[in-house]
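Every chain is numbered from 1, with letters handed out A, B, ... down the list of sequences. Remember, it's a predicted structure, so these values are computed and weren't measured experimentally.
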There are 2 protein chains.
Amino acid sequence: MGSGELFQHLRRSLLEYSVVQALVEGEAYPADLIGRLGRVGLQVPEGTVYPLLNRLKADGYVEYRWEESPSGPPRKYYSLSAKGLKLAEEYRQAWEKLKKSVDSLNTSQNKHEKNL
Amino acid sequence: MGSGELFQHLRRSLLEYSVVQALVEGEAYPADLIGRLGRVGLQVPEGTVYPLLNRLKADGYVEYRWEESPSGPPRKYYSLSAKGLKLAEEYRQAWEKLKKSVDSLNTSQNKHEKNL
DNA sequence: AAAAGATACCTTGTATTGCAAGGTACTATT
DNA sequence: AATAGTACCTTGCAATACAAGGTATCTTTT
């Protein structure tokens, strides 16, 4: 993905960015991930997370390994691939740029109010 | 729209937020609007803007008036209604919250790196 | 050892959003 | 009266988000 393309994409899928960032923290199985996102206020249902992880897997951004659970069926622990880590960093930059872009709409509005 | 609902919605439609904020600056016709967004780096095509404005109109967030153009057919100048201004302010708060949420994913990641 | 409960995983169908492409109408210029 | 430019708008497709519903595994209870 090109840089401008990434920027456009991020505008649409903040959730994908959030999931990728949450995975930078370390591997997680879906319920873990939902917990990490929920803790910062991003409530995301299962039905959103599973397809998203499958997409990221299909595109080579994440890998997973099976691990037994102490209490229930085995879990799929997802982690970022090398390609995924690179994406995470590119996304971080796109996010900084996006924040600036969006916030500068307010800035120019203030300029206007102050008649500059 | 409720506050949490707005937050979830903003996650999905940053563009709507951007358009609403751009209108806080003052009335504009679609090409104006596209210019304001483009100037801060948000490239948005016509085919996105027209339906969006129609939606905002249908929901009572914006109004418009016709004005003759010095060079071409008349323009629809859009501006925020009272309801739209209120939305703009609620959106601004949701945006601040969203930025914090998303950024705190990185913070907890840093904590982890520093072993706190 | 059956049944019930809890925890995983996943899919399907619908709504929403974003946009490229294509279309209509008005105005100004040649 | 033909062309070019500027405005408006719609249609159809792709991607994203998610509620609802489904299957399988493992543990606990009866």
Side-chain angles (χ1 to χ4, degrees), chain A residues 1 4-20 22 27-35 37-38 42-59 61-78 91 98 101-102, chain B residues 1 4-20 22 27-35 37-38 42-59 61-78 91 98 101-102:
Chain A
M1 262 195 272
E5 213 177 322
L6 210 69
F7 180 71
Q8 303 298 328
H9 183 240
L10 182 55
R11 220 184 51 211
R12 280 184 249 168
S13 184
L14 256 186
L15 201 52
E16 179 174 317
Y17 172 62
S18 303
V19 164
V20 168
E27 66 173 4
Y29 72 104
D32 267 347
L33 213 44
I34 289 173
L37 295 170
L42 299 168
Q43 286 177 274
V44 191
E46 264 196 355
T48 299
V49 170
Y50 281 102
L52 209 171
L53 285 171
N54 287 337
R55 246 195 300 134
L56 290 171
K57 175 67 171 66
D59 295 342
Y61 295 120
V62 302
E63 301 294 343
Y64 64 77
R65 64 184 182 83
W66 285 100
E67 181 165 316
E68 310 248 314
S69 160
S71 61
R75 297 164 175 171
K76 266 178 160 178
Y77 278 84
Y78 285 88
Y91 258 157
L98 181 62
S101 289
V102 172
Chain B
M1 262 196 269
E5 214 177 322
L6 209 69
F7 180 72
Q8 302 299 328
H9 183 239
L10 183 56
R11 217 185 55 211
R12 280 182 250 167
S13 185
L14 258 185
L15 202 52
E16 179 174 316
Y17 172 62
S18 303
V19 164
V20 167
E27 68 173 3
Y29 72 103
D32 267 347
L33 212 43
I34 289 173
L37 295 170
L42 299 168
Q43 287 178 273
V44 191
E46 263 196 356
T48 299
V49 169
Y50 282 102
L52 209 171
L53 285 171
N54 287 337
R55 247 194 300 135
L56 290 172
K57 175 68 171 65
D59 295 342
Y61 296 120
V62 301
E63 302 293 344
Y64 65 77
R65 63 186 184 81
W66 285 100
E67 181 165 314
E68 311 249 313
S69 159
S71 61
R75 298 164 174 171
K76 266 178 160 176
Y77 277 84
Y78 284 90
Y91 258 157
L98 181 61
S101 289
V102 172

Value in whole Å for how far the P atom of D/dC8 lies from CZ of B/R65: 13 Å
Mutual orientation of the aromatic rings belonging to A/H9 and A/Y91 [parallel < 30°, tilted 30-60°, perpendicular > 60°]: parallel
Beyond-backbone contact of A/E5 with A/Q8, side-chain heavy atoms, under 4.5 angstrom: no
B/R11 vs D/dT16: side-chain N/O to OP1/OP2 distance below 4.0 Å: no
Euclidean distance, atom CZ of residue B/R12 to atom C1' of D/dA14 [Å, nearest integer]: 17 Å
A/Y77-A/Y64 aromatic ring centre distance below 6.0 Å: no
Value in whole Å for how far the P atom of D/dT10 lies from NZ of B/K57: 13 Å
Position toward the 5' end of DNA chain D (nearest nucleotide), A/S69 or B/P74: B/P74
Touch class at under 4.0 angstrom, heavy-atom based, for A/T48 against every strand present: base
Within 45° cone of B/Y29 ring axis and under 6.0 Å: B/K76 NZ or CZ: no
Gap between atoms CD and C1', on A/Q8 and D/dT16 respectively (whole Å): 16 Å
Nearest-angstrom distance from the residue atom CD of A/E68 to C1' of D/dA24: 14 Å
A/P73 or B/S13, whichever maps to the more 5' nucleotide of DNA chain C: A/P73
Flag side-chain contact, heavy atom, 4.5 Å: A/E16 against A/R55: yes
Where chain A begins and ends its contact with DNA chain C, read 5' to 3' at 4.0 Å from heavy atoms: C/dT7 to C/dC19
Gap separating the CZ atom of B/R75 from the CG atom of B/D32, nearest 0.5 angstrom: 7.0 Å
Closest contact, heavy atoms only, B/E46 versus B/P51: O-CD, 4.1 Å
Distance in angstrom units between B/H9 NE2 and D/dA17 P, rounded: 12 Å
Nearest listed nucleotide, side chain of A/L15, among D/dT10, D/dT25, D/dC18: D/dC18
Whole-Å distance separating the CD atom of A/E67 from the C1' atom of D/dC26: 16 Å
Contact nearer the 5' end of DNA chain D, comparing A/E46 with A/S71: A/E46
Sugar-phosphate only, base, or nothing, as touched by A/G72 at under 4.0 Å among non-hydrogen atoms: sugar-phosphate
Separation of atom CG in A/L53 from atom C1' in D/dA17, rounded to whole Å: 14 Å
